[in-house]
Amino acid sequence: MQTKTRQLAIGAAVALAAVVLIAFVVGIWVAYSGAYNVAATEDHQPVVRWALETTMKNSISDRAEDIEVPLLDDAMVAPGATRYKSMCQHCHGGPGEEKSEWAQGMLPQPPHLPDVVSEWEPNEVFWLVEHGVRMSGMPAFGPTHSDDELWEIVAFVMRLPGMTADEFADFDTENSTAHGH
């Protein structure tokens with residue numbers, strides 16, 4: 001009986017090794033053959049899109065977990081709006097503002113933040129702004145901006161849901177070039 005169990009275990013291990021080897025060979029073939037279409041004009045296959053989005057959300061949630069959120073007060077919102085309008089609006093739009101025409105050719109599509117930011121916690125938005133997201137077009141602003149500047153952006157972004165187009169337009173962008181862009 002023990003011999004049969006041992007033979008089954010060895011057979012299962014060999015089968016698993018064969019599956020891993022085949023997956024590796026297929027992966028190498030896809031990488032070198034050019035079979036995978038990387039054009040931004042065609043969306044990912046649903047399973048690929050699901051895998052990328054799920055990985056991104058869980059990665060951000062895990063990495064942002066220990067970030068302590070400061071008090072996001074009213075004094076942070078106006079400077080955050082100025083930075084948002086110069087650094088983020090062209091990709092993410094705003095209340096009453098569409099994203100730039102060129103941003104509509106990006107894949108994945110940058111989300112319209114007023115519609116989706118309520119799905120994220122402030123510490124997660126901070127992490128996103130600080131580190132960016134690989135292969136998405138979302139840059140990392142942490143290397144070029146202070147934590148205080150990034151928290152101002154977060155303070156503004158967290159107020160986007162429910163903000164009217166007139167309220168959005170009222171934020172001054174006069175000094176936007178003085179904030180890194």
Side-chain angles (χ1 to χ4, degrees), residues 19-70 72 76 79-94 97-161 176-177 179-181:
V19 168
V20 169
L21 180 62
I22 290 169
F24 177 76
V25 170
V26 168
I28 293 294
W29 177 80
V30 168
Y32 279 99
S33 71
Y36 189 80
N37 186 356
V38 296
T41 53
E42 294 185 31
D43 200 359
H44 294 290
Q45 294 295 320
V47 68
V48 173
R49 186 177 340 103
W50 171 85
L52 293 173
E53 289 176 3
T54 302
T55 300
M56 180 190 76
K57 287 179 181 175
N58 288 324
S59 176
I60 293 166
S61 176
D62 184 57
R63 284 162 179 76
E65 188 174 75
D66 295 331
I67 296 173
E68 289 190 34
V69 179
L72 302 176
M76 300 168 77
T82 300
R83 287 188 176 82
Y84 180 87
K85 287 186 169 190
S86 67
M87 299 160 55
C88 314
Q89 181 179 331
H90 46 271
C91 286
H92 296 290
E97 293 288 333
E98 295 295 322
K99 57 184 96 170
S100 298
E101 183 180 38
W102 60 264
Q104 296 177 22
M106 296 176 71
L107 185 67
Q109 275 287 295
H112 189 248
L113 287 185
D115 299 337
V116 300
V117 75
S118 59
E119 298 172 13
W120 298 92
E121 298 296 326
N123 57 326
E124 295 169 331
V125 173
F126 178 84
W127 192 93
L128 276 163
V129 175
E130 182 179 31
H131 297 284
V133 178
R134 287 184 194 163
M135 299 177 72
S136 72
M138 174 66 191
F141 292 109
T144 55
H145 293 75
S146 71
D147 283 1
D148 289 342
E149 292 169 330
L150 300 181
W151 281 116
E152 288 171 349
I153 295 171
V154 174
F156 176 74
V157 165
M158 298 311 292
R159 297 199 180 185
L160 285 173
S176 62
T177 56
H179 297 291
H181 276 48

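- Within the structure, salt bridge (charged side-chain N to carboxylate O under 4.0 Å, His left out) pairs that include any residue of residues 41-55 comprise D43-R49 (at least two apart or interchain).
- Using a 4.5 Å heavy-atom threshold, the side chains of H145 and M87 count as touching.
- With rounding to the nearest 0.5 angstrom, the SG atom of C91 is 11.0 Å from the CD atom of Q104.
- With sequence neighbours left out, I67 forms a side chain to side chain contact (heavy atoms under 4.5 Å, CB included) with A64, N123, F126, W127, W151.
- Of all heavy-atom pairs spanning M106 and P110, the tightest one is SD-CG, 3.7 Å.
- Nearest heavy atom pair, residue A103 against residue Q109, reads O-NE2, 3.3 Å.
- We find the CZ-CG distance between R159 and L72 to be 8.0 Å, quoted to the nearest 0.5 Å.
- Contact check for L113 versus Y84: side-chain heavy atoms found under the 4.5 Å cut-off.
- F24 CZ: 12 or fewer foreign heavy atoms inside a 6.0 Å radius.
- Taking each heavy atom of H92 and P114 in turn, the nearest pair found is O-CD, 4.2 Å.
- Using a 4.5 Å cut-off on side-chain heavy atoms (C-beta onward), R83 and F156 make no contact.
- Atoms CD and CD1, on E65 and I60 in that order, are 14.0 Å from each other to the nearest 0.5 Å.
- Atom CH2 of W102 is surrounded by more than 12 heavy atoms from other residues, nucleotides or ligands within 6.0 Å.
- Between C88 and I153 the shortest heavy-atom distance is SG-CG2, 4.5 Å.
- The two residues G105 and A40 make their nearest non-hydrogen contact at O-CB, 3.7 Å.
- No side-chain heavy atom of D148 sits less than 4.5 Å from a side-chain heavy atom of M76.
- Remark: of the listed residues V19, V25, V26, V26 is the sole one forming a side chain to side chain contact (heavy atoms under 4.5 Å, CB included) with I22.
- For H112 against G93, the heavy-atom pair with the smallest separation is CD2-CA, 4.2 Å.
- Rounding to the nearest 0.5 Å gives a distance of 8.5 Å between OG1 of T144 and CD of E149.
- In this structure, NZ in K57 is found 12.0 Å from CG in L52, a value given to the nearest 0.5 Å.
- One distance of note links CD of E152 with CG of D147; it measures 11.5 Å at 0.5 Å rounding.
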